[in-house]
Asker: 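First the structure, then my questions, so here it is.
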Amino acid sequence: MKKDLDEKRRDLLQRIRRFRLMDDEFMTKCFEDNIECTELVLRIVMDRADDMNYGKLSERVRYFKTTEEGVKAMSKAMEELAKKWAEEEIRERNEEVALELIHLGRMEYEEIAKISKLSVETVEKLAKLQPV
């Protein structure tokens with residue numbers, strides 16, 4: 001049991017280490033003409049928390065990257081984010097299916113809702129977005 005937990009913990013820690021803030025569009029926008037922000041984020045990503053001139057932030061970065069509790073908290077946050085992204089992906093795919101079925105024009109909205117796992121109201125809204 002402990003071996004499984006240790007293995008899971010190592011796996012989650014690896015995922016956190018691979019996570020890069022620069023992948024986020026928000027961070028890209030922050031970098032525009034903002035050298036101080038760029039330097040700060042790079043220090044965080046490169047595990048150089050000790051090198052920061054921001055005491056409280058440095059402490060928090062160190063906490064989330066080096067303590068068991070911090071890694072667990074970050075792992076949980078990342079899992080929740082991954083779950084949210086997966087749910088959004090599924091919803092978008094279901095909407096695509098519904099749009100294709102609406103476009104074919106051979107089914108009632110109730111049938112489309114059942115197949116696409118969307119509400120009838122959502123299917124009706126999607127139908128209104130379709131060009132005539």
Side-chain angles (χ1 to χ4, degrees):
M1 180 84 160
K2 180 165 175 24
K3 185 179 178 185
D4 291 338
L5 287 174
D6 288 340
E7 190 173 313
K8 184 174 180 180
R9 201 171 289 128
R10 279 192 300 274
D11 179 55
L12 292 173
L13 184 58
Q14 277 302 107
R15 280 194 243 165
I16 290 169
R17 285 185 179 139
R18 286 191 306 262
F19 178 70
R20 295 291 180 246
L21 294 174
M22 279 85 68
D23 294 340
D24 188 348
E25 290 177 27
F26 173 75
M27 292 309 299
T28 302
K29 189 68 176 168
C30 285
F31 288 155
E32 278 184 4
D33 302 321
N34 193 337
I35 300 300
E36 291 171 352
C37 181
T38 304
E39 288 175 356
L40 173 61
V41 172
L42 288 174
R43 285 181 179 162
I44 293 170
V45 170
M46 296 173 68
D47 291 327
R48 302 209 39 204
D50 295 332
D51 194 25
M52 289 185 209
N53 297 324
Y54 308 90
K56 189 71 172 169
L57 180 59
S58 177
E59 289 173 25
R60 296 303 290 165
V61 169
R62 194 175 301 105
Y63 170 77
F64 285 114
K65 288 198 166 205
T66 63
T67 68
E68 186 173 343
E69 299 85 20
V71 171
K72 282 181 184 177
M74 185 60 71
S75 296
K76 183 179 179 187
M78 293 302 293
E79 286 174 6
E80 290 172 3
L81 187 58
K83 182 181 176 184
K84 178 183 170 190
W85 287 340
E87 290 169 353
E88 288 174 5
E89 186 68 28
I90 290 168
R91 181 188 46 75
E92 288 175 8
R93 182 64 188 129
N94 290 347
E95 288 178 358
E96 289 173 10
V97 168
L99 285 168
E100 289 294 324
L101 293 172
I102 291 167
H103 180 72
L104 290 173
R106 298 181 188 153
M107 300 176 112
E108 298 294 322
Y109 292 161
E110 291 79 14
E111 293 173 298
I112 295 172
K114 185 175 181 180
I115 292 169
S116 65
K117 297 180 174 68
L118 297 171
S119 68
V120 175
E121 293 80 21
T122 301
V123 172
E124 290 171 347
K125 287 178 185 175
L126 290 170
K128 289 178 184 176
L129 297 175
Q130 290 290 350
V132 180

Asker: Just wondering, more than 12 heavy atoms not from E110 lying within 6.0 Å of its CD?
Answerer: yes
Asker: Working to the nearest 0.5 angstrom, can you tell me the gap between E92 CD and L99 CG?
Answerer: 11.5 Å
Asker: Measuring from S116:OG to R93:CZ, what's the distance to the nearest 0.5 Å?
Answerer: 11.0 Å
Asker: Does the pair M107 and I115 meet the rule for a side chain to side chain contact (heavy atoms under 4.5 Å, CB included), with working shown?
Answerer: CA-CA 10 Å; M107 300 176 112; I115 292 169; 3.2 Å; yes
Asker: Verify the cluster assignment for L129 and V123: are they in a single hydrophobic cluster under the rule of side-chain heavy atoms below 4.5 Å apart?
Answerer: yes
Asker: Using a strict threshold of under 4.0 Å (side-chain N to carboxylate O), is an ion pair present between K83 and E80?
Answerer: no
Asker: Decide yes or no for L118 and L126: does some side-chain heavy atom of the first lie under 4.5 Å from some side-chain heavy atom of the second?
Answerer: yes
Asker: Show your working on salt bridge (charged side-chain N to carboxylate O under 4.0 Å, His left out) between E124 and K128 and close with a plain yes or no.
Answerer: CA-CA 6 Å; E124 290 171 347; K128 289 178 184 176; over 6 Å; no
Asker: Any salt bridge between K125 and E121, counting N to O under 4.0 Å?
Answerer: no
Asker: Among E87, E88, E89, E95, which residue satisfies the side-chain hydrogen bond (donor to acceptor under 3.5 Å, both in side chains) criterion with R91?
Answerer: E95
